[in-house]
Every structure is written in structure tokens, then in C-alpha cells.
Amino acid sequence: MVKITLGVDGMMCNMCEAHMNDAVRNNFKVKKVSSSHSAKECVIVAKEDIPRESLEKVVTETGYKLTSYKVEPYEKKGLFG
């Protein structure tokens, strides 16, 4: 599992966040996705890495700009973890 953090410029409100989340869900197999217009980021949890080029294409087509891309291992925290 990987956690992908995208810097996304152009989201202005909660509807923008929902629009971004839907675009990611509709184009990639992800476990979880959440976006924040105030933090200007989108966090994706997926089984496998998603190439930057693929994500950038979807972000751009959705009307936003990809400003950063970071991938790190993701470990689900247990009940007492």
C-alpha cells in the first residue's frame, strides 16, 4: 500500500474537493481519497503507485494544477496502533 500526496492548485471550495475526489476515484483503483482546498492537497491511498504523469493528466483535465507529488509507504494503523 502507498500513500500519494498531491499538491493541487485551483481548488476553492468543498465542491472542488468533491470534484477532485470523484475524478481520482473514476480514473484509478484507490482505497481512499481525500482533498482539502485549504491545504491545497489531495491524499490518495492505493494498493500500487500511480505514475505522476497519469495523475497530472487527470488533475489538469479536472481543471486544476498539480504542484507536487510525493509517494510513501502506507501502513494502516490498528485499533491500538
Side-chain angles (χ1 to χ4, degrees):
M1 298 275 279
V2 293
K3 176 181 169 184
I4 304 167
T5 305
L6 306 176
V8 180
D9 196 22
M11 292 187 294
M12 301 292 180
C13 63
N14 293 342
M15 285 303 294
C16 294
E17 294 171 0
H19 197 209
M20 186 70 223
N21 293 344
D22 288 344
V24 171
R25 280 190 202 102
N26 292 336
N27 286 281
F28 307 104
K29 288 186 176 184
V30 298
K31 291 286 186 186
K32 181 180 173 184
V33 59
S34 63
S35 298
S36 169
H37 71 279
S38 57
K40 296 185 177 184
E41 72 177 15
C42 176
V43 178
I44 302 164
V45 175
K47 281 188 176 183
E48 300 174 357
D49 185 16
I50 302 169
R52 179 187 176 113
E53 297 77 24
S54 301
L55 285 165
E56 189 163 15
K57 182 176 185 278
V58 169
V59 170
T60 303
E61 287 174 353
T62 309
Y64 309 113
K65 182 180 177 188
L66 184 67
T67 57
S68 66
Y69 171 86
K70 182 172 106 176
V71 180
E72 57 191 309
Y74 175 80
E75 288 188 29
K76 185 176 180 181
K77 293 183 174 57
L79 184 61
F80 301 104

Is there a path of hydrophobic side-chain contacts, each under 4.5 Å between heavy atoms of I, L, V, M, F, W or Y residues, that connects [X] with [Y]?
X: V45; Y: V59; answer: no
X: M20; Y: V43; answer: no
X: Y74; Y: L55; answer: no

field: Spatial distance of atom CD1 (I4) from atom NZ (K70) [nearest 0.5 Å]
entry: 12.5 Å
query: So how far is it from K29 NZ to E48 CD, rounded to the nearest 0.5 Å?
result: 9.0 Å
- request: For residues 2-18, pull every pair meeting salt bridge (Lys or Arg N to Asp or Glu O under 4.0 Å), keeping only residues two or more places apart or in separate chains.
  value: D9-K40
query: So, do L6 and Y69 sit near enough that their side-chain heavy atoms are less than 4.5 Å apart?
result: yes
- request: Under the side-chain contact (heavy atoms from CB on, under 4.5 Å) rule, what do N14 and H37 come out as? Steps first, then yes or no, please.
  value: CA-CA 7 Å; N14 293 342; H37 71 279; 3.6 Å; yes
message: Going by side chain to side chain contact (heavy atoms under 4.5 Å, CB included), S35 matches just one of E41, M11, H19. Which one?
response: M11
Heavy-atom donor-acceptor pair, T67 side chain to G7 backbone, under 3.5 Å: yes
task: Please determine if K57 and E61 form a salt bridge, counting it only when a charged side-chain N lies under 4.0 Å from a carboxylate O.
output: yes
Steps toward side-chain contact (heavy atoms from CB on, under 4.5 Å) verdict (F28, V58): CA-CA 10 Å; F28 307 104; V58 169; 3.7 Å; yes
Residue pair V30, I50: steps toward the side-chain contact (heavy atoms from CB on, under 4.5 Å) verdict: CA-CA 9 Å; V30 298; I50 302 169; 4.1 Å; yes
